[in-house]
Amino acid sequence: MRDTVPVPATAEGLPDVLPITPLTAPPTVTIRPPGSKSITNRALLCAALAPGTSRLRGALFADDTRAMMGAVTALGAGVAADPDTGTVTVTGVDPRTSTGAATVDARQSGTTSRFVLPAAALRPGRTVVDGSAQLRGRPFGPVLQALRDVGATVEELDRPGFLPVAVTGPAGGGSVQTTGHVSSQFLSGLLMAAPLMTDGLTVGLTSPLVSVPYVKMTIAVMAAFGVEVRDLEVRPGAYRPTDYVVEPDASAASYLLAAAAITGGRVTVAGLGSDSLQGDVGFADVLERMGARVDRHADALTVTGGGPLRGVDVNMADISDTAQTLAAVAVFADTPTRVRGIGFIRGKETDRIGAVVTELRRAGIDAVEDEDGFTIHPGDPRPTRFATYDDHRMAMSLSLVGLRAPGIEIADPACVGKTYPGFFADLGRLS
Ligand SMILES: O=C(O)C1=C[C@@H](OP(=O)(O)O)[C@@H](O)[C@H](O)C1
Ligand SMILES: C=C(OP(=O)(O)O)C(=O)O
């Protein structure tokens with residue numbers, strides 16, 4: 001066990017441009033993707049707020065979780081990370097007793113920044129939260145307003161509603177209203193800090209909630225650490241230090257399962273069972289609707305391709321991190337695919353609707369941008385160097401096109417380091 005945070009942050013060693021070689025035969029392979037980013041970052045924060053020592057196993061080691069490890073360290077928790085065994089040992093802190101100045105660099109991580117702001121608002125000390133230029137372009141207004149409403153002082157240090165911000169507590173809690181349609185991460189962050197607010201917290205939503213399964217995941221991880229959420233109400237209380245096992249990442253699994261569907265192979269994702277906490281396992285249901293075979297086991301998920309794929313009309317508001325994956329699959333279907341309900345993904349790492357449509361069009365595919373999603377007409381992609389917009393999901397999704405079409409290259413492949421540093425190594429296991 002090492003006593004710093006020696007986390008491999010990037011997909012080191014990747015070239016500036018990576019050619020993808022089409023598969024010569026359908027793959028039959030079992031792969032265990034790395035730990036879930038979303039569960040790792042929730043468990044890290046709950047553990048950091050629990051008095052005592054918690055141990056996370058199967059945690060993700062990537063740029064986003066490195067950001068959260070750094071963030072909770074800045075709030076005063078102890079973090080000892082061992083990437084070789086996937087174990088993180090966290091020594092919790094009571095932020096309400098923490099008075100010094102602190103600085104958090106959330107890097108590119110939406111979860112880290114949106115989860116840590118309410119936790120930082122528990123501290124009587126002043127915490128500056130900032131991130132990469134990309135994260136500075138993503139919305140924060142709703143959570144900043146909610147923190148003011150529960151008694152914290154919030155200073156927007158640049159543009160109103162954006163990072164960097166300084167937050168000074170303590171946040172007393174009570175009840176607060178916030179929006180649901182921009183990001184579910186605001187609600188998740190408020191809920192995780194809530195038990196340490198003097199009055200607890202009840203959250204009301206002023207607009208429909210997107211990414212609903214992530215809030216259920218928040219409630220499940222909080223429960224594992226001993227805190228109950230009922231009807232978005234949290235009573236004052238304490239987290240319990242816990243040994244916690246992190247599932248493999250279901251969004252990461254979407255690329256591997258999609259690869260099976262488009263190449264007529266069979267891919268089993270180990271460790272993702274039918275009782276997964278992650279909504280993104282539902283991506284397999286979409287592949288099933290398209291004609292792939294899906295076998296669900298207690299501790300694994302298998303997709304088998306082979307027959308023709310039909311286009312689908314699908315609302316992906318619950319599983320929007322897999323929308324770009326579906327765009328790549330849709331290229332190889334027999335009929336068009338329409339994805340709805342995901343207008344909010346224009347505010348992620350990039351405008352994901354505009355980006356995926358632009359890139360597929362550059363490859364000669366008839367892709368159309370809709371206000372709340374996109375439509376992809378099947379076609380034969382021509383050789384193309386895909387731009388990836390510093391968005392890990394652009395790189396991972398568009399590389400799927402190259403498993404069938406010759407001449408596909410991925411620019412800046414190292415951007416996968418945000419959540420899946422070993423992605424291209426795992427993709428190579430398909431050939
Ligand atoms: O809570 C989480 O762990 C996440 C929620 C989703 O974001 P939004 O709620 O902003 O859609 C998702 O896109 C992100 O990758 C992880
Ligand atoms: C949107 C994502 O991440 P985040 O919001 O946590 O930065 C993602 O991983 O696709």
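Every number for a ligand or one of its atoms is a count from 1 in the order of the listing.
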- [ ] Apply side chain to side chain contact (heavy atoms under 4.5 Å, CB included) to Leu191 and Val203, showing your working.
- [x] CA-CA 8 Å; Leu191 291 175; Val203 188; 4.1 Å; yes
Open item on the list: Arg352 vs Tyr389, test: side-chain hydrogen bond (donor to acceptor under 3.5 Å, both in side chains). Steps then yes/no.
Closed with: CA-CA 9 Å; Arg352 285 180 166 170; Tyr389 303 70; over 6 Å; no
TODO: Provide the closest heavy-atom pair for Ala74 versus Val104 in the form atom of the first, atom of the second, distance.
DONE: CB-CG2, 4.0 Å
Task: CA sep, side-chain torsions, deciding dist, call: Asp391, Thr350, side-chain hydrogen bond (donor to acceptor under 3.5 Å, both in side chains) - done: CA-CA 7 Å; Asp391 179 2; Thr350 185; 5.9 Å; no
Task: Tyr239 and Phe225 aromatic ring geometry - parallel, tilted or perpendicular at 30°/60° bounds - done: perpendicular
TODO: Using a strict 4.0 Å threshold on nitrogen-to-oxygen distance, state whether Arg361 and Glu369 make a salt bridge.
DONE: no
Open item on the list: Between the side chains of Asp63 and Lys418, is the shortest nitrogen-to-carboxylate-oxygen separation below 4.0 Å, so that they form an ion pair?
Closed with: no
Report all N/O contacts between ligand 2 and the protein shorter than 3.5 Å as a table of atom names and distances to 0.1 Å; if there are none, say 'none'.
| unit_1 | atom_1 | unit_2 | atom_2 | d |
| --- | --- | --- | --- | --- |
| ligand 2 | 3 (O) | Lys37 | NZ | 2.8 |
| ligand 2 | 3 (O) | Glu349 | OE2 | 3.2 |
| ligand 2 | 3 (O) | Lys418 | NZ | 3.2 |
| ligand 2 | 5 (O) | Arg138 | NH2 | 2.7 |
| ligand 2 | 5 (O) | Gln185 | NE2 | 3.0 |
| ligand 2 | 6 (O) | Lys37 | NZ | 2.9 |
| ligand 2 | 6 (O) | Thr111 | N | 3.1 |
| ligand 2 | 7 (O) | Gly110 | N | 2.7 |
| ligand 2 | 7 (O) | Arg138 | NH1 | 2.8 |
| ligand 2 | 7 (O) | Lys418 | NZ | 2.8 |
| ligand 2 | 9 (O) | Lys37 | NZ | 2.7 |
| ligand 2 | 9 (O) | His392 | NE2 | 3.4 |
| ligand 2 | 9 (O) | Arg393 | NH2 | 2.9 |
| ligand 2 | 10 (O) | Asp321 | OD1 | 3.4 |
| ligand 2 | 10 (O) | Asp321 | OD2 | 3.4 |
| ligand 2 | 10 (O) | Arg352 | NH1 | 3.0 |
| ligand 2 | 10 (O) | Arg352 | NH2 | 2.9 |
| ligand 2 | 10 (O) | Arg393 | NE | 2.6 |

TODO: Evaluate whether atom CZ of Arg362 has more than 12 neighbouring non-hydrogen atoms of other residues, nucleotides or ligands under 6.0 angstrom away.
DONE: yes
Task: Contact residues of ligand 1 (heavy atom under 4.0 Å), by chain and number - done: Lys37, Ser38, Arg42, Thr111, Phe115, Ser183, Ser184, Gln185, Ser211, Tyr214, Asp321, Phe344, Lys348
TODO: State whether Arg148 and Glu156 are salt-bridged, where the test is any N-O pair (Lys NZ or Arg NE/NH1/NH2 against Asp/Glu carboxylate O) under 4.0 Å.
DONE: yes
